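As structure tokens, the structure follows; a few thoughts come after it.
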Amino acid sequence: VFIMKKLLSLLAMACIVLAVQAQTIDDDKTALLEIYEALNGPEWVPPTGIDEFGWSEDNDVEDFVGVTVEGNRVTKLELIGIENLSGEFPAAIGKLDALTLLDLSNNIDLTGKFPEELFQLSHLNHLYIADTDITDVIDDRFGQLKSLTNLKMDKNPGLTGGITDAFGELTELTYVRLADNKNLTGTISPNISKATKLQTFQVERSGLTGTIPGSLGDLQGLAYLNVNECNFTGIGKFEKMPGTMLEAHKNRIPFGDLLLMKDYARTATGGWYYRIIDQRPGLSVTQNSFTVEQGGEAILNIDILLPNHGGVSFRWLKDGEVVGTGKELVLNMTGTTLCGDYVCEITTDPDILNSSMCPNCDWKDYEYREKPYPGEYAVNTTEPVSVTIGATGIHQSKYLNQIGIYGGNEKSSLVISADDENIVGAEYQVINSIGKLVQSGIITSQKEKVTVQDGTGIYFVRVVNNGDTASQKVFIR
């Protein structure tokens with residue numbers, strides 16, 4: 001039985017070898033001519049110094065411009081920035097089963113989706129498809145390209161998706177560049193750490209979200225990690241990044257996470273270097289907007305995790321002027337001058353961020369600077385907090401005091417009524433429970449019925465006429 005199983009195994013292997021050998025340079029030529037027709041080949045304009053592309057039945061494949069033949073098979077196809085190249089990504093590329101390099105970059109009229117045949121190219125090492133008009137998803141299909149070492153697909157506005165679990169299956173992968181893909185709004189799977197040969201990982205100026213996984217720190221060969229100008233809202237714990245250059249500025253990373261990087265550096269197994277400046281902060285305020293009664297208090301507070309390192313200060317600003325310090329700002333709303341947008345500026349002592357944070361680290365020079373940038377990401381600013389006075393109004397004329405504002409009998413409706421005909425022509429404003437103006441309009445009758453587009457809930461309704469205001473909290477069914 002054992003001998004029979006062995007013979008069957010050898011027979012199966014022989015069949016596979018014969019199948020591979022069955023593909024010839026003539027088969028490759030047929031596939032190339034299909035690609036030529038699919039991509040508007042007859043209209044291609046040859047590069048300077050070349051008379052013609054030579055892609056025709058009368059020429060040898062070795063004479064096709066952009067094609068490399070090795071061992072009597074096509075191993076490389078490089079059609080980079082070809083004038084008049086247009087059409088959908090041709091499935092015939094999948095017939096070039098000995099292909100190790102495919103470069104279709106800088107062809108802005110290359111459209112369509114990645115054909116399934118592309119992911120069957122088992123020998124493909126280098127895949128370069130940058131600056132095209134392809135519309136597709138980066139997903140688990142890429143995990144089928146087991147031989148892939150280099151992936152460059154930046155500047156493709158039609159690409160969506162993210163770095164899925166399947167990327168961890170690309171154990172030969174050393175280089176990834178998916179930069180300038182704003183519609184790439186997925187996440188980076190922690191499984192990327194299984195791609196243990198990864199040296200360069202660049203996704204800057206993409207739309208990627210979530211947390212920058214700390215598992216990237218397990219990649220001992222990772223030399224450069226660039227996640228600048230994305231939409232990341234957190235950063236994992238990097239403990240093992242010897243010699244890694246990490247750039248992660250202009251994200252939405254919580255300030256507390258950034259300060260904790262000091263601890264990460266101290267526990268790192270070797271020297272590493274990072275630049276994390278100018279965050280569009282992942283800081284949050286406890287409330288984004290306030291509508292309070294005149295004379296009431298608006299308490300603005302920052303929700304922030306701060307490690308016990310000290311050297312952190314807070315300044316609240318309105319219209320560029322400092323109006324308070326500390327994590328909390330209390331406003332006694334006695335008049336309209338206090339209404340407006342407030343931001344909190346949070347600053348660290350630059351010494352927290354300089355080389356003293358990790359005196360034993362082997363800091364790397366970068367852009368002709370000898371040390372990490374002291375204080376360069378020292379300032380973060382929250383999103384604006386809007387404060388307005390409402391509920392009981394600021395001042396109300398005699399006729400506005402006679403206004404009735406109440407929920408209507410019909411679903412999602414309210415009624416504004418008054419005995420005084422001067423109400424006609426006044427403006428009404430509907431403000432939701434977090435202070436956002438959701439609807440406004442002009443009153444056209446003494447009993448105005450308004451359908452609130454946002455639906456049911458608690459609202460503040462304000463009527464404004466010739467500088468006078470009246471407000472009322474209303475529950476709309």
Side-chain angles (χ1 to χ4, degrees), residues 16-134 136 141-142 144-156 172-175 177:
I16 292 172
V17 171
L18 288 172
V20 171
Q21 290 178 342
Q23 287 286 101
T24 66
I25 191 67
D26 290 333
D27 297 315
D28 289 347
K29 184 176 186 178
T30 300
L32 288 170
L33 292 176
E34 287 182 40
I35 295 167
Y36 184 71
E37 291 300 323
L39 295 180
N40 194 34
E43 301 300 321
W44 293 354
V45 177
T48 303
I50 298 177
D51 294 332
E52 59 180 18
F53 276 92
W55 287 45
S56 75
E57 189 69 54
D58 298 330
N59 293 335
D60 294 333
V61 174
E62 288 85 350
D63 297 327
F64 287 20
V65 172
V67 175
T68 299
V69 176
E70 297 174 297
N72 208 34
R73 293 297 309 278
V74 171
T75 58
K76 297 178 183 179
L77 177 58
E78 299 169 271
L79 298 174
I80 307 167
I82 305 300
E83 187 175 348
N84 292 338
L85 186 150
S86 63
E88 295 188 356
F89 199 119
I93 282 177
K95 297 178 181 179
L96 301 174
D97 62 359
L99 210 60
T100 62
L101 184 150
L102 174 62
D103 193 342
L104 299 177
S105 298
N106 304 332
N107 292 302
I108 60 174
D109 292 319
L110 177 62
T111 62
K113 299 182 180 298
F114 302 121
E116 294 304 314
E117 291 83 354
L118 171 67
F119 303 104
Q120 305 306 314
L121 296 175
S122 59
H123 300 288
L124 193 64
N125 304 136
H126 298 74
L127 179 59
Y128 303 136
I129 306 176
D131 198 9
T132 72
D133 197 30
I134 289 173
D136 208 342
R141 292 173 298 169
F142 285 83
Q144 301 175 50
L145 298 172
K146 304 297 186 185
S147 298
L148 200 63
T149 60
N150 291 60
L151 176 65
K152 184 177 186 292
M153 295 201 303
D154 48 325
K155 299 180 181 179
N156 291 296
E172 300 300 316
L173 197 62
T174 62
Y175 175 88
R177 180 173 172 83

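Numbers for residues simply follow the sequence, beginning at 1. These figures come from a predicted structure and were not determined experimentally.
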For E172 and S147, does a side-chain donor sit closer than 3.5 Å to a side-chain acceptor?
no
For K29, does the NZ atom have more than 12 heavy-atom neighbours from other residues, nucleotides or ligands under 6.0 Å away?
yes
Within 6.0 Å of CD1 in I50, more than 12 heavy atoms from elsewhere:
yes
Working note: R141 + D136, criterion salt bridge (charged side-chain N to carboxylate O under 4.0 Å, His left out); need CA distance, chi angles, decisive distance, verdict.
CA-CA 11 Å; R141 292 173 298 169; D136 208 342; 3.1 Å; yes
Do you know which two heavy atoms are closest between L110 and T132, and how far apart they sit?
O-CB, 3.9 Å
Main-chain N/O of I25 paired to N72 side chain as donor or acceptor, under 3.5 Å:
no
Aromatic ring proximity F142/F114, centre distance under 6.0 Å:
yes
What's the separation between atom [atom1] in [X] and atom [atom2] in [Y], rounded to the nearest 0.5 Å?
X	Y	atom1	atom2	value
N59	F64	CG	CZ	6.5 Å
L145	L151	CG	CG	8.5 Å
N150	N125	CG	CG	8.0 Å
R177	M153	CZ	CE	13.0 Å

Quick one: do D154 and K152 satisfy salt bridge (charged side-chain N to carboxylate O under 4.0 Å, His left out)? Show the steps, please.
CA-CA 6 Å; D154 48 325; K152 184 177 186 292; 3.0 Å; yes
